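Working notes for the structure below.
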Amino acid sequence: KKESPNCSDRTEKISKITIHHMAGNLSVETCCALLANPARQASANYCIGSDGRIAGMVDENKRSWASFSPWNDQRAITIEVANDELGGNWHVSDKAYESLIKLCVDICKRHHFRLTYDGTQNGSLTAHNMFVATACPGPYLQSKFPEIAKEVNAKLDGETYRDSESEPIASAPQNFNIFYRVKTQKD
């Protein structure tokens with residue numbers, strides 16, 4: 001873990017998660033090294049690489065300098081996610097997305113809140129572009145925010161989330177054999 005000096009004391013209770021994209025396919029080591037540079041004047045609490053690895057960069061008890069909003073950063077755990085596509089929709093890998101969900105569930109459990117997303121700064125799931133004119137978190141992640149909130153909350157409730165088109169289903173007991181009908185698409 002390479003701690004970034006680009007942080008300050010947190011004065012508010014953690015009640016939000018703000019998701020960013022790296023605008024590049026950076027490893028967690030590269031992202032942490034870049035954001036540990038004092039000249040950048042930017043940081044995040046966590047980085048997630050395309051391989052799904054998660055690295056802490058700023059302790060949660062500190063305010064990262066991430067969203068260009070001290071008000072938000074005082075309340076938010078901030079997460080930088082690597083892109084596996086440069087430009088366009090700024091896609092993120094399935095492994096990075098899965099790690100993002102797991103990290104959000106963990107943060108919500110430890111800090112006792114649920115994710116709400118209403119497209120404004122008022123929700124507990126916020127995006128960089130809510131606070132400054134930027135393309136961050138990119139079209140792909142931005143489009144996933146409603147699904148991220150639903151999936152994280154389903155996991156907090158002990159349920160399995162299927163997709164954005166369906167309701168959560170209760171997790172099956174471990175001693176059952178369950179078969180699923182799978183719909184496939186031809187490439």
Side-chain angles (χ1 to χ4, degrees), residues 1-111 113 115 117 121 123-145 148 152:
K1 176 179 175 177
K2 181 161 182 134
E3 180 107 1
S4 175
N6 302 326
C7 61
S8 52
D9 290 334
R10 186 183 292 278
T11 60
E12 300 293 332
K13 180 182 176 193
I14 294 167
S15 58
K16 294 178 176 285
I17 295 173
T18 303
I19 298 173
H20 302 262
H21 77 122
M22 292 183 195
N25 192 0
L26 307 179
S27 68
V28 293
E29 293 84 3
T30 302
C31 181
C32 287
L34 283 171
L35 295 177
N37 180 346
R40 289 194 64 96
Q41 297 288 297
S43 62
N45 295 103
Y46 294 97
C47 298
I48 301 175
S50 288
D51 59 3
R53 291 183 305 137
I54 300 170
M57 182 182 337
V58 172
D59 283 336
E60 288 184 5
N61 65 347
K62 296 281 190 177
R63 173 197 154 217
S64 69
W65 301 344
S67 66
F68 210 73
S69 167
W71 177 88
N72 184 70
D73 289 346
Q74 284 290 357
R75 293 160 175 78
I77 299 294
T78 57
I79 305 169
E80 288 278 352
V81 184
N83 303 97
D84 65 353
E85 169 187 276
L86 301 181
N89 282 327
W90 293 102
H91 189 267
V92 301
S93 72
D94 290 345
K95 287 181 181 179
Y97 184 82
E98 290 167 13
S99 290
L100 175 63
I101 297 299
K102 288 176 186 175
L103 180 57
C104 288
V105 169
D106 180 62
I107 291 165
C108 288
K109 280 182 181 177
R110 288 184 291 105
H111 295 285
F113 69 95
L115 288 186
Y117 178 71
Q121 300 174 15
S124 60
L125 179 60
T126 56
H128 191 183
N129 61 9
M130 292 176 177
F131 305 100
V132 67
T134 179
C136 181
Y140 177 77
L141 278 175
Q142 187 79 55
S143 73
K144 293 288 193 180
F145 272 44
I148 291 168
V152 167

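Values below: all heavy atoms of this structure, side chains included; hydrogens, waters and symmetry mates excluded. FYI, the numbering just counts along the sequence from 1. Please read all numbers here as calculations on a predicted model, not as lab measurements.
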Show me, pair by pair, the donor-acceptor contacts under 3.5 angstrom made by side chains of residues 130-142, not counting sequence neighbours?
from: Thr134; atom 1: OG1; to: Cys136; atom 2: N; distance (Å): 3.2
from: Gln142; atom 1: OE1; to: Asn129; atom 2: ND2; distance (Å): 2.8
from: Gln142; atom 1: NE2; to: Tyr117; atom 2: OH; distance (Å): 3.2

Under 3.5 Å donor-acceptor pairs involving side-chain atoms of residues 28-37, not counting sequence neighbours:
from: Glu29; atom 1: OE1; to: Ser27; atom 2: OG; distance (Å): 3.4
from: Glu29; atom 1: OE1; to: Arg53; atom 2: NH2; distance (Å): 2.8
from: Glu29; atom 1: OE2; to: Arg53; atom 2: NH1; distance (Å): 2.8
from: Glu29; atom 1: OE2; to: Arg53; atom 2: NH2; distance (Å): 3.2
from: Thr30; atom 1: OG1; to: Ser27; atom 2: OG; distance (Å): 3.0
from: Asn37; atom 1: OD1; to: Ala39; atom 2: N; distance (Å): 2.8

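Take Glu60 and apply the salt bridge (Lys or Arg N to Asp or Glu O under 4.0 Å) test, not counting sequence neighbours, and it matches Arg110. By the side-chain contact (heavy atoms from CB on, under 4.5 Å) test, Ala23 pairs with His21, Trp90, sequence neighbours left out. By the side-chain contact (heavy atoms from CB on, under 4.5 Å) test, Lys109 pairs with Val105, Leu156, sequence neighbours left out. Every side-chain contact (heavy atoms from CB on, under 4.5 Å) that Glu12 has, sequence neighbours left out, goes to Gln74, Arg75.
Contact record, Ser4 with Cys7: O-SG, 3.6 Å, taken as the closest heavy-atom pair. Across all non-hydrogen atoms, the minimal contact from Leu115 to Ser124 is CA-OG, 3.1 Å. Across all their heavy atoms, Lys16 and Trp71 have their closest contact at CE-CH2, 3.6 Å.
Between atom CG of residue Leu100 and atom OH of residue Tyr46 there is a gap of 12.5 Å, rounded to the nearest 0.5 Å. Of the inter-residue distances, the one linking Glu3 atom CD with Asp59 atom CG reads 4.5 Å to the nearest 0.5 angstrom. The CE atom of Met22 lies 12.5 Å from the CG atom of Leu86; values are rounded to the nearest 0.5 Å. Here the straight-line distance linking atom CD of Glu80 with atom CG of Leu26 works out to 9.0 Å at 0.5 Å rounding. Considering OG1 of Thr126 and NE2 of His20, their distance stands at 7.5 Å, rounded to 0.5 Å.
Here Asp9 pairs with Lys62 in a salt bridge; the nearest charged N to carboxylate O distance falls below 4.0 Å.
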Item to complete: Just do the side chain to side chain contact (heavy atoms under 4.5 Å, CB included) check on Asn83 and Asn25 with the steps written out, would you?
Response: CA-CA 5 Å; Asn83 303 97; Asn25 192 0; 5.6 Å; no
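Annotation: side chain of Ile48 is not in contact with side chain of Val92 (no heavy-atom distance under 4.5 Å). Side chains of Arg10 and Asn61 form no contact here, defined as non-hydrogen atoms less than 4.5 Å apart. When side chains are defined from C-beta on, Val81 does not count as touching Tyr97, because their heavy atoms never get closer than 4.5 Å. Between Ile148 and Ile19 there is a side-chain heavy-atom pair separated by less than 4.5 Å. In this structure, the side chains of Val152 and Ile101 come closer than 4.5 Å at one or more pairs of heavy atoms.
Thr18 and Thr78 share no donor-acceptor pair across their side chains, judged by distance under 3.5 Å alone. Defined by atom type and a distance below 3.5 Å, a donor-acceptor pair is missing between the side-chain atoms of Ser50 and Asp84.
Among Ser64, Ser43, Ser8, Ser67, the one residue that satisfies the side chain to side chain donor-acceptor pair (under 3.5 Å) test with Asp73 is Ser67.
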